[in-house]
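Working notes, beginning with the structure itself.
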4 protein chains.
Amino acid sequence: MLVVMKNHATPEEVEAVNEKIRTLGLSPHPIPGAQRVAIGITGNKGPLDPGLFEGMPGVAEAIRVSQPFKLVSREVKEEDTVLDIGGVKLGGRTVIVMAGPCSVESREQILEAAHAVKAAGATFLRGGAFKPRTSPYEFQGLAEEGLKLLALAREQTGLKVITEVMDVETLPMVAEHADVLQIGARNMQNFSLLKQLGNVRKPVLLKRGPSATLREWLMAAEYILARGNYEVALCERGIRTFETMTRNTLDLNAVPVLKALTHLPVLVDPSHGIGLRAHVAAMARAGVAAGADGLLVEVHPRPEKALSDGQQSLTPPEFEGLMRQVRVIAGAVGREI
Amino acid sequence: MLVVMKNHATPEEVEAVNEKIRTLGLSPHPIPGAQRVAIGITGNKGPLDPGLFEGMPGVAEAIRVSQPFKLVSREVKEEDTVLDIGGVKLGGRTVIVMAGPCSVESREQILEAAHAVKAAGATFLRGGAFKPRTSPYEFQGLAEEGLKLLALAREQTGLKVITEVMDVETLPMVAEHADVLQIGARNMQNFSLLKQLGNVRKPVLLKRGPSATLREWLMAAEYILARGNYEVALCERGIRTFETMTRNTLDLNAVPVLKALTHLPVLVDPSHGIGLRAHVAAMARAGVAAGADGLLVEVHPRPEKALSDGQQSLTPPEFEGLMRQVRVIAGAVGREI
Amino acid sequence: MLVVMKNHATPEEVEAVNEKIRTLGLSPHPIPGAQRVAIGITGNKGPLDPGLFEGMPGVAEAIRVSQPFKLVSREVKEEDTVLDIGGVKLGGRTVIVMAGPCSVESREQILEAAHAVKAAGATFLRGGAFKPRTSPYEFQGLAEEGLKLLALAREQTGLKVITEVMDVETLPMVAEHADVLQIGARNMQNFSLLKQLGNVRKPVLLKRGPSATLREWLMAAEYILARGNYEVALCERGIRTFETMTRNTLDLNAVPVLKALTHLPVLVDPSHGIGLRAHVAAMARAGVAAGADGLLVEVHPRPEKALSDGQQSLTPPEFEGLMRQVRVIAGAVGREI
Amino acid sequence: MLVVMKNHATPEEVEAVNEKIRTLGLSPHPIPGAQRVAIGITGNKGPLDPGLFEGMPGVAEAIRVSQPFKLVSREVKEEDTVLDIGGVKLGGRTVIVMAGPCSVESREQILEAAHAVKAAGATFLRGGAFKPRTSPYEFQGLAEEGLKLLALAREQTGLKVITEVMDVETLPMVAEHADVLQIGARNMQNFSLLKQLGNVRKPVLLKRGPSATLREWLMAAEYILARGNYEVALCERGIRTFETMTRNTLDLNAVPVLKALTHLPVLVDPSHGIGLRAHVAAMARAGVAAGADGLLVEVHPRPEKALSDGQQSLTPPEFEGLMRQVRVIAGAVGREI
């Protein structure tokens, strides 16, 4: 249930609705809008009667929400959410490109990568300081040193920084250095972490789990919004199927379906999605054509020497080529890069 | 192994190679090319020694083929196969759009659909006369009457006709009326049917099975080529995954991967792929952006009354909108519609 | 809808119900039972009103069938179907074991295999004369010669013969030699073939397609029953998942779920299911423990020389060991082998 | 590489090998055995030369390990690991049954459940105090209160307690009350948590992620062993496939494959695996027949009132019936319950 307040509803009228909701044993979630406030209700098992609220002063209407996800739903908030990340708008007309190496490996590597992706038109630098690896014997990231190198690259280039946070322990450290906190696919349903992200005042990029349904993914985002952090974007990065020629199966069907279901920005990671350098550009083009609000692309100065994901990382010249291609596609769908 | 003959190799020299192959207990597959003949060898268990052929008169070189599929492979034929279907080129610079209803339902319906998709720019009319349906109690198609209605629509509009063939019994009847024979997803590994298609002189559009790997799909196409029919195109139509919000998961990763592995044209069916009318256009745009050589789109004059697949069929105005969008995307990737 | 007639309903009363169904534009399917006739109704889109039939002479009751599959459903026929195959009962208390090589390769091979599996306690000989193979360059079976060798092995051992039929063309030939017609996984939704099987008077073993849902599988069986052949058994043989260590993922969940939904016998093929010789016996034990009515096991006198599926075929001594193990399990679930 | 020391190798000889490994830039992992020490080596990219170690004093042999998982591998430790959990042996001849409700809901509920499963023959009480739920609006568990109730139930019944730990923050609290720490499917690749579990002196039950390959699962276990906690057991609980009639697809193929690859105990959770009360017993039987070392079964005094997973929870009488059935199966495979 969503209670939509009139344009000039007073704070007292809003609070009266909140109080009514609480007396029903439910939780109110006031969602501030440009013109008027709406109040999401959670905690109910079955549908509520709109009549409970529609007579109250300041209430415009009470709408039933048909999906199990509420705060992330377009039913609750019709207009697109546009995140303002230090002046860069994510979710608006401009398609945002985030690029950089899988892992931060050294000062030289990250700075070289940062300058290269900046020159080609990226607005965000990506790079992992904490790396979730299938094997305990693989490179696990430079940790705090990596975060500092990312901050240095930001200073030199003006790029925003997105990097992965793996646990609650290192969340404050990562939040100190990053502009956007990335939640990796394997942690999409790490609910303890999601709850903490709800308390943080940093935008979050939530990657889809390799076998998460769209519904589960939206529910995971709901965990963050339900705790009060409304700055969330979603990133499709390939699902697990029976196909073995590609690393994952980038599910572009998710893009238009999500754009219809949720007001949150939707990005695409073609690098993890297909996992083959030669085909990253084709999937990036397709992602933008399908309506993605942004791209996450792996770029490494020397992919053949990368400590992780070299087989899917582009060289700087390849990335430049990709940018040229997706710019044309963005124009063809009425957007820009 | 592929034995590539010199440009001016004589028929006798070609035959000598064929004979040599036969004496090794293997099968020769001469593949005529624009300038010179190549001879594929099948039947060997392990790699063959190029020296067996490289000394022979007229032989330019002998190349090891690393994939289990051979005749469909780019290793064997580097340049794109362009099918000439009564003057319409499939696999060339122009992206071909095939559109029409799921099933031929009546004279009025198919003619109305044909004129509408023709007006919007399609060059092929699609429509099923024999319908594979999950339930024996569902509409199974108009059979021969449907084929005649398709032929009538072709006569009136000049569109080419593509329709599904379900079995060997009705193959001659379908081949008589269709310009392209479509093999549905459920028959992708109906090997008895594939073998017969190898003997037919009609182009074949082979749809991907819902859980077929790219390798299995290429091997299924190989069945047709191995019997002598080289006019084959492939069509991605969605794979089966765990996701339930979409009918299937259109796997656009298949497009660039296949274009690298095979010389055959690759089409995309966004209608079956995502199965939701509202999102067909987005997936069509993405398909063309990924490099597809054509689209297969379901269009019905009155989708709400369709006997099958109404929920994914576009109305004629929606299809017109889709055509406008994909034309721009085609231009953005250096092609046209 | 199922109209259940009273025990002593007359043929005229039954025919009156049939006629009533036809005048509604629907199809009656009289299902003869031990004591009384039931008439399935198909062709209706929504639920029918039981009152249409419950007043008619001879009618005991009219029951709504909630599933899209009808004739195969336990709602329509509560007691287990027990197939009588030349005196061998499939679907009763005895767990039936069908064993033999993947392909019939030679007279010596099939006779040796037949004697071995007979000695170990199998009652059916399995072996393919027509082989669906992923590659056109692989061994495709001995065709009619293979069928004759199977018949010879039956003559020598008294084993019943089960073998695969791949198409309508060879159906009469296969039906002449086989006791049970096997439909392979790739042909589960070859509807043209299924329809013909409905007209045949031979039991059919319908294997599950590698990505078929249980519902689709039951609908495929429904195709056969709807045409009049009620002698159908189902065989789980592994589904396609993301796992690559096993050939397929034998889905034993299917066994109890199917036994609840349908009255047809349910078998398990552990050989294709897991695809690894060392683990076939464990999966055979688990299949019987889960409630399977029979097993299909690949046995080859010399697996290392098999023309197909050698890696999953048991040697005769290994098969003997498997039989000993499953006999104990059968006893533990109140059955016998 | 695994360096196996002679029976009477001295500590100095062992240390010399460790030192040699470190000078190669690799990590030694001494694995104490009943009679002799073996030293696993990790950190190498390619195969090592056995000659590096085989001449050294005290070294019996140096063995190449072919899998990416090492410490969990049977190549490294041939005999079964048997965990001794306060006197209860997990991984030995006795099949261990862990049973109880999905969530601890109240004092009455958990005590009633505990006495019931104890009476039926379970040796462990399961019950969640911290619950990972798809929706933030669902019951999240009683937290510390739940842990105390579990401890109380242990006191009253003598059952061991297994309960889920969701994060590093609550790990000490859970470890204080639990006998075995359960890692849920969604946290299988929560590497930060796995690393901490490596430092804990409590047995861990690691559930398989819903789309984890067997290799990834073993690598996740390797994370725990690599940090020094060798007391790990694995639990198959159903994978995600395309099938929708069952909640998950319990993958019993995993049981024999894992038993061959690893020395760790392997359990099966039929409740989550199939997710349908009526079929839990069949899958439990099949799991034991396949070779499982234990079962995890959901039992609730009043499933229809359960706050979570009621549809798959057994009533106490149903659980008693299940125990009778699996006891017979255990006997049939040479084990007991």
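Worth saying up front: this structure is predicted, and the values here are computed from it rather than measured. A note on names: the letters A, B, ... follow the listed sequences, proteins ahead of strands, and every chain is numbered from 1.
For chain D, the option among G331(C), G273(C), A212(C) with the highest count of heavy-atom pairs below 4.5 Å is A212(C). If you tally non-hydrogen atom pairs under 4.5 Å between each of V333(C), L214(C), I239(C), V328(C) and chain D, the highest count goes to L214(C). When each of G291(C), A286(C), A260(C) is checked for heavy-atom pairs under 4.5 Å with chain D, A286(C) comes out on top.
Between T246(D) and D251(C), every side-chain heavy-atom pair lies at or beyond the 4.5 Å cut-off. In this structure, the side chains of N253(C) and M283(D) come closer than 4.5 Å at one or more pairs of heavy atoms. The side-chain heavy atoms of L276(C) and P256(D), taken from C-beta on, include no pair separated by under 4.5 Å. The side-chain heavy atoms of L261(D) and M245(C), taken from C-beta on, include a pair separated by under 4.5 Å.
When the shell of 6.0 Å around CD of E336(D) is examined, it contains more than 12 heavy atoms from other residues, nucleotides or ligands.
Neither the backbone nor the side chain of A284(C) comes within contact range of chain D, judged by heavy atoms closer than 4.5 Å. Of the two parts of T241(C), only the side chain, counted from C-beta on, holds a non-hydrogen atom closer than 4.5 Å to a non-hydrogen atom of chain D.
Distance check, rounded to the nearest 0.5 Å: CG of L250(C) to CG of L252(D) gives 8.5 Å.
Ionic pairing of R240(C) and E243(D) is not present here: no N-O contact between side-chain nitrogen and carboxylate oxygen is shorter than 4.0 angstrom.
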